[in-house]
Amino acid sequence: MQKNILIIGACGQIGTELTFTLREKHGRDVVIASDIREGNENLVGSGPFELLDATDYDALEELVAYYEIDEVYLMAAMLSATAEKFPMRAWNLNMNSLFNVLNLAKEKKISKIFWPSSIAVFGPNTPKENTTQNTIMEPSTVYGISKQSGERWCEYYHNKFGVDVRSIRYPGLISWKTMPGGGTTDYAVEIYHKALSEGVYTCFLSAETNLPMMFMDDAIRATMEIMESDSEKIKIRSAYNLAAMSFTPFEVAASIATQIPEFKISYEPDSRQVIADSWPSSIDDSEARKDWGWKSEFDLEKTTSEMLKNLSN
Ligand SMILES: NC(=O)c1ccc[n+]([C@@H]2O[C@H](COP(=O)([O-])OP(=O)(O)OC[C@H]3O[C@@H](n4cnc5c(N)ncnc54)[C@H](O)[C@@H]3O)[C@@H](O)[C@H]2O)c1
């Protein structure tokens, strides 16, 4: 039997590509896109779209009943840099949208949830290299605190009420279809746009800030793979570490310069540097590899060539 899917926050950086990919796979009418705002025309025109505030439980419940939804992908959130400016709004959105979806599953109104966590669950006291699944987690940002709490609640709802919730700690995501929405790794998208349009880029992180990153195609594939896995394979019900590559602004600039030799980068670290400094440099994702067969495909070289090729078209 065909299962109907709801994507909440479908107009964002990840939601847009996830909506297109799920529609390609399952059919356009099976995948309902929703967001608090209307996103790009291609997305809104590619299948059913509804305006929805993820913090409004009654509206969500009504939408789920109307479309007979089985699976929810909750992509609405306030990201790291913006959340530092609006702590209470971030907490309200990030936590209450999650509770709404978890409670729908607890009430057996939906059967499966995807909710993304982040490398922001780690903090300044976490070992930085090859950060393992279970290590010191003392996040120092509003966003990180909300993601860590979210992970605890996901595991609790799974253990206590049998809710089938699955989650990944995404690293910084690099994509060309949609601009990022206010995170600390946004520089790694902006840099490609500026390299092509202006040939210069001023980076808001320092040259040597090494962070875990992933190309969007890998992130979407990971999301689909964890959701399609048999339930008994998903042993971790908080969120899985996930990795592909790590690089610094200096390294991504050098990789762009192999194709655009005149490209110049300068550095003016701002408040986002403090957030970046609190996060790991590289991630050990062996649990995801072991439990549900995760394997990344995009390294920096392949990412740069995809980004420059698609953005110049
Ligand atoms: N992009 C990354 O690098 C990254 C890394 C780690 C984790 N994540 C997580 O992945 C998820 C999606 O991230 P993204 O980068 O696509 O974010 P984004 O900011 O690009 O998109 C979020 C979307 O949610 C929508 N939204 C905001 N408030 C809403 C509300 N009340 N109701 C409904 N929709 C609302 C926004 O309009 C936006 O379209 C988030 O949970 C984020 O924390 C992202």
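Just so you know, ligand 1 is whichever comes first in the structure, and atom 1 is the first atom listed for that ligand.
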Quick one: do Val72 and Ile7 end up in the same hydrophobic cluster if we chain Ile, Leu, Val, Met, Phe, Trp and Tyr together by side-chain heavy atoms under 4.5 Å apart?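 No, Val72 and Ile7 fall in different hydrophobic clusters.
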What do you reckon, is NZ of Lys112 surrounded by more than 12 foreign heavy atoms closer than 6.0 Å?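 Atom NZ in Lys112 is crowded, with more than 12 foreign heavy atoms closer than 6.0 Å.
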Any heavy atom of [X] closer to ligand 1 than 4.0 angstrom?
X      : result
Ala10  : no
Gly183 : no
Arg169 : no
Ser34  : no

List every atom of ligand 1 that sits less than 4.0 Å from any heavy atom of [X], numbering the atoms from 1 in the order shown and giving each element.
X      : answer
Tyr143 : 6 (C), 7 (C), 8 (N), 9 (C), 42 (C), 43 (O)
Gly172 : 3 (O)
Gly181 : 19 (O), 20 (O)
Ser117 : 6 (C), 7 (C)

Could you work out, for atom 38 (C) of ligand 1, the closest of Asp35, Ile7, Leu242 by heavy-atom distance?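 Among Asp35, Ile7, Leu242, the closest heavy atom to atom 38 (C) of ligand 1 comes from Asp35.
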Considering Ile14, Leu93, Ile36 one by one, which has a heavy atom nearer to atom 44 (C) of ligand 1 than any of the others?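 Answer by nearest heavy atom: Ile14.
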Could you check [atom] against the protein and tell me its nearest heavy-atom contact, residue, atom and distance included?
atom                    : value
atom 35 (C) of ligand 1 : Ala76 CB, 3.5 Å
atom 21 (O) of ligand 1 : Gly12 CA, 3.1 Å
atom 32 (N) of ligand 1 : Ala54 N, 2.8 Å

So Phe298 and Phe215, would you call those rings parallel, tilted or perpendicular, with 30° and 60° as cut-offs?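 Ring orientation of Phe298 relative to Phe215: tilted.
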Parallel, tilted or perpendicular: which fits the ring planes of Tyr170 and Phe114, with parallel below 30° and perpendicular above 60°?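 If you compare the ring of Tyr170 with that of Phe114, the planes turn out tilted.
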Answer with yes or no after comparing the ring centroid distance for Tyr192 and Trp176 against a 6.0 Å cut-off, counting only values under it.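 Centroid distance Tyr192-Trp176: not below 6.0 Å, so no.
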Would you confirm whether the ring centroid of Trp292 sits within less than 6.0 angstrom of the ring centroid of Tyr240?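 Under 6.0 Å, so yes.
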Donor-acceptor side-chain pairing of Thr184 and Ser80 below 3.5 angstrom: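 Indeed, the side chains of Thr184 and Ser80 share at least one donor-acceptor pair under 3.5 Å.
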Do the side-chain N and O atoms of Tyr157 and Asn103 include a donor-acceptor pair separated by under 3.5 angstrom?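 A donor-acceptor contact under 3.5 Å links the two side chains.
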Determine, for Phe20 and Arg23, whether the Lys NZ or Arg CZ falls below 6.0 Å from the six-membered ring centre while staying within 45 degrees of the axis.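 No, cation not above the ring by the 6.0 Å, 45° rule.
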Nitrogen or oxygen atoms of Leu79 and ligand 1 under 3.5 Å apart: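 By distance alone, the answer is no.
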Can you tell me which portion of Lys147 lies within the under-4.0 Å heavy-atom range of ligand 1? Options are side chain, backbone, both, or neither.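 Answer for Lys147: side chain.
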Ligand 1 contact on Trp115 by region, counting heavy-atom pairs under 4.0 Å: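 Within the 4.0 Å criterion, Trp115 makes no contact with ligand 1.
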Residues forming a salt bridge (charged side-chain N to carboxylate O under 4.0 Å, His left out) with Asp58, sequence neighbours excluded: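 Asp58: no salt bridge (charged side-chain N to carboxylate O under 4.0 Å, His left out) contacts found.
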